[in-house]
K.L.:
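I have a structure here, written as structure tokens, and I will follow up with some questions on it.
Within every chain, numbering begins at 1; the chains are lettered A, B, ... in the order of the sequence lines, protein sequences first and strands thereafter.
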Amino acid sequence: MTPGGQPTILHADLDAFYASVEQLLDPTLRGIPIAVGGGVVLAASYEARAFGVTGGMSGRRARQLCPALRFVGGHFHEYQRLGDEVMAVFRDFTPLVERISIDEAFLDVAGAITLFGSPIGIATSIRRRVKDEIGLPISIGVAGTKHLAKIASQVAKPDGLVVVPIGQEREFLNPLPVGLIWGVGAVTRTRLAGVGVRTIGELAETPNSYLRHLLGSAAGDKLSSLATNVDPRRIQTTRSAHSVGAQAALGRRVVTPDLTRTTLGYLADRVGGRLRAAGVAGRTITVRVRFADLRAVTRSITVPAALSATLTLTEVATALADVALADHPHEREITLLAISVSQLVDQASLQLELPLELQDSERRPGTRTGAARWVVDRSVDLIRSRFGRDAIGYASVKFADVGHVPDGFRELAEHAPE
DNA sequence: TCTGGGGTCCTAGGACCC
DNA sequence: TCTGGGGTCCTAGGACCC
């Protein structure tokens, strides 16, 4: 923030992104309620939102609320392409762009004022260019901090611009519901409502010690700092992932060794491929099992040498799932399996660890070494990059019937907007 | 409400070390 | 043998976000 000056942090957020892209690509969809997705609504146009349709809602529920709702297929590559184009517009004004998903970003325009004029002028120009050159509606919040700019862009929606002048933060925030605060979801909102706190103004009057008691120290401090308008977070132009994961919802399936091995093999294949593509490997492997009542448990292990080989990940994940299942012997059905790999390290440093992994596998005659597995995986990755994902794979994985979620959907979910 | 997938961050307890 | 603080790492669970 610029003390005593003008706010220079922008939060720019495309409106109903997937749905807006569909309406851009197909003019017959404009002005009518549409939803992207099928079983689950990924995005709803504003015409659909008027009926109460929201992202994350089941398709059946959405149809009940809005019988005229049109479901449209996802043009996943178009979403990525247009999202990239919008980011390029941002970068025409400042290099300080922090993209936080496919369709939203923070910008710090303090250094762009001499070239392009006031932050408000820049925000106006961005909105006009995104509309004229790309054809998409976008909302922008302008404020002194990231937190405040994000709240302002939500207030600006749809297709609007909201500025919070320095010194007027309290007047702006006080009447707003606490749910607009980033990090306040259904649970926290309910807990706050239980003690009579519904607006940010009421939150600001609540002592920090009481918030810490109610919500825990970190959440309490965070809410207090918002109330006093302290937010030291800078714009980060590069952010590296802390974990890579994949999951598969299974419906209700009776758990068998074959089911877990096959599904985890498929997931390990995806995760391993993405780790290797990013040039990283991970030391902590976590498996999540969800039972029929939607209760989920996790089991994890941290190994000395970072992993990215598909078969090794499969073996570790299978062993972890066995532990989780053994701890819940009365659960006969599961509804989801997931693998996540964290404690990521660069593959360059992984090379140093390979002899360790090699030693380990040498104690198990008949298994291929970690190094050999890594080489095989790299070959598979290369072939796939040229001929497509289905060109090659481990037999047990290739024929798994767990891949019914389209790959485009999965790639998209890595940056999902809603 | 029950037809998703991929992430981040926080808490709390225990092991272990100094 | 008992008491104690500080720090790090690991594991399990949960809230939240897009």
K.L.:
Scan A/S217 against the nucleic acid and name what it touches under 4.0 Å (heavy atoms): base, sugar-phosphate only, or nothing.
P.N.:
sugar-phosphate
K.L.:
Any ion pair linking A/R261 and A/D322 (charged N to carboxylate O, less than 4.0 Å)?
P.N.:
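Salt bridge absent between A/D322 and A/R261.
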K.L.:
Which is true for A/G185 with a 4.0 Å heavy-atom rule: it touches a base, it touches only sugar-phosphate, or it touches nothing?
P.N.:
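Counting heavy atoms under 4.0 Å across all strands, the contact made by A/G185 is with sugar-phosphate only.
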K.L.:
Please collect all ring-ring contact (aromatic ring centres under 6.0 Å, His included) contacts where either partner lies in residues 179-216 of chain A, sequence neighbours excluded, each pair once.
P.N.:
none
K.L.:
Please work out whether the ring planes of A/F106 and A/H11 are parallel, tilted or perpendicular, with thresholds of 30° and 60°.
P.N.:
tilted
K.L.:
Taking only side-chain nitrogens and oxygens of A/K222, does any of them come within less than 4.0 Å of OP1 or OP2 of C/dC16?
P.N.:
no
K.L.:
With a 4.5 Å limit on heavy-atom distance, are the side chains of A/Q23 and A/E47 in contact?
P.N.:
yes
K.L.:
Mind calculating the distance between CD (A/Q80) and P (C/dC18) to the nearest angstrom?
P.N.:
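To the nearest whole Å, that distance equals 17 Å.
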K.L.:
Taking B/dC16 as the reference, what is the distance to C/dG4 when you measure between their C1' atoms (whole Å, please)?
P.N.:
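Approximately 16 Å lies between the C1' atom of C/dG4 and that of B/dC16.
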K.L.:
Atom pairs under 3.5 Å, N or O on each side, protein against nucleotides 8-11 of chain C: can you list them with distances?
P.N.:
unit_1 : atom_1 : unit_2 : atom_2 : d
C/dC10 : OP1    : A/R283 : NH2    : 2.9
C/dC10 : OP2    : A/Q343 : NE2    : 3.0
C/dT11 : OP1    : A/T302 : N      : 3.4
C/dT11 : OP2    : A/T302 : N      : 3.0
C/dT11 : OP2    : A/T302 : OG1    : 2.4

K.L.:
Show me, pair by pair, the donor-acceptor contacts under 3.5 angstrom made by side chains of residues 330-343 of chain A, not counting sequence neighbours?
P.N.:
unit_1 : atom_1 : unit_2 : atom_2 : d
A/E331 : OE2    : A/R295 : NH2    : 2.6
A/E333 : OE1    : A/R252 : NE     : 3.0
A/E333 : OE1    : A/R252 : NH2    : 2.6
A/T335 : OG1    : A/R290 : O      : 3.3
A/T335 : OG1    : A/R290 : NE     : 2.8
A/T335 : OG1    : A/R290 : NH2    : 3.4
A/T335 : OG1    : A/F291 : O      : 3.1

K.L.:
If each of A/R61 and A/H242 is mapped to the nucleotide of DNA chain B with the nearest heavy atom, which maps nearer the 5' terminus, i.e. the 5' end?
P.N.:
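The residue whose closest nucleotide sits nearer the 5' end is A/R61.
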K.L.:
Quick test of your reading of the model: are A/D159 and A/R127 salt-bridged, counting only N-O distances below 4.0 Å?
P.N.:
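Salt bridge flag = yes for A/R127 with A/D159.
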K.L.:
Under 3.5 Å, which donor-acceptor pairs link side chains of residues 232-239 of chain A to any protein atom two or more places apart or in another chain?
P.N.:
unit_1 : atom_1 : unit_2 : atom_2 : d
A/R233 : NE     : A/D231 : OD1    : 3.0
A/R233 : NH2    : A/D231 : OD2    : 3.2
A/R239 : NH1    : A/E98  : OE2    : 2.6

K.L.:
Where does DNA chain C form stems of at least three consecutive Watson-Crick or G-U wobble pairs, each pair having both distances below 3.5 Å?
P.N.:
B:5-18 with C:5-18
K.L.:
Measure the distance from CZ on A/R191 to C1' on C/dC16 and round it to the nearest whole Å.
P.N.:
12 Å
K.L.:
Using a heavy-atom cut-off of 4.0 Å across all strands, would you classify A/A338 as base, sugar-phosphate, or nothing?
P.N.:
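The residue A/A338 makes no contact with any strand.
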K.L.:
To the nearest angstrom, how far is A/H11 atom NE2 from C/dC18 atom C1'?
P.N.:
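Atom-to-atom, A/H11 to C/dC18, this comes out as 10 Å.
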K.L.:
With a non-hydrogen cut-off below 4.0 angstrom, is A/I181 in contact with a base, only sugar-phosphate, or nothing?
P.N.:
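Here A/I181 touches the backbone only, sparing every base.
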K.L.:
C/dA15 C1' sits how many Å from A/L214 CG, rounded?
P.N.:
14 Å
K.L.:
Name the atoms and distances for all side-chain donor-acceptor pairs under 3.5 Å in residues 59-66 of chain A, with sequence neighbours left out.
P.N.:
unit_1 : atom_1 : unit_2 : atom_2 : d
A/R61  : NH1    : A/Q64  : OE1    : 3.4

K.L.:
Any side-chain N or O of A/T188 under 4.0 Å from OP1/OP2 of C/dA15?
P.N.:
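A/T188 to C/dA15 OP1/OP2: no side-chain N or O under 4.0 Å.
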K.L.:
Counting heavy atoms from C-beta on, name the nucleotide in C/dA15, B/dG6, C/dC18 closest to the side chain of A/S101.
P.N.:
C/dC18
K.L.:
With DNA chain B as reference, determine whether A/R290 or A/A219 sits nearer its 5' end, using the nearest nucleotide of each.
P.N.:
A/R290
K.L.:
Which nucleotide in the list C/dA15, C/dG13, C/dC18 gets nearest to the side chain of A/V297?
P.N.:
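So the nucleotide nearest the side chain must be C/dG13.
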K.L.:
Between A/K150 (NZ) and C/dC16 (P), how many Å, whole number?
P.N.:
15 Å
K.L.:
Side chains of A/T124 and A/R128: does their closest heavy-atom pair fall under 4.5 Å?
P.N.:
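A/T124 reaches A/R128 side chain to side chain.
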K.L.:
Minimum heavy-atom separation for A/V41 to A/S58, with atom names?
P.N.:
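So the two residues come closest at CG2-O, 4.4 Å.
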K.L.:
If I take atom CD in residue A/E104 and atom P in nucleotide C/dC18, what distance separates them, rounded to the nearest angstrom?
P.N.:
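That distance rounds to 6 Å.
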K.L.:
Starting at CZ of A/R295 and ending at P of C/dG14, how long is that distance when rounded to a whole Å?
P.N.:
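Rounding to the nearest Å, CZ of A/R295 and P of C/dG14 are 9 Å apart.
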K.L.:
How long is the line joining CZ of A/R189 and C1' of C/dA15, in whole Å?
P.N.:
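In whole Å, C/dA15 C1' lies 12 Å from A/R189 CZ.
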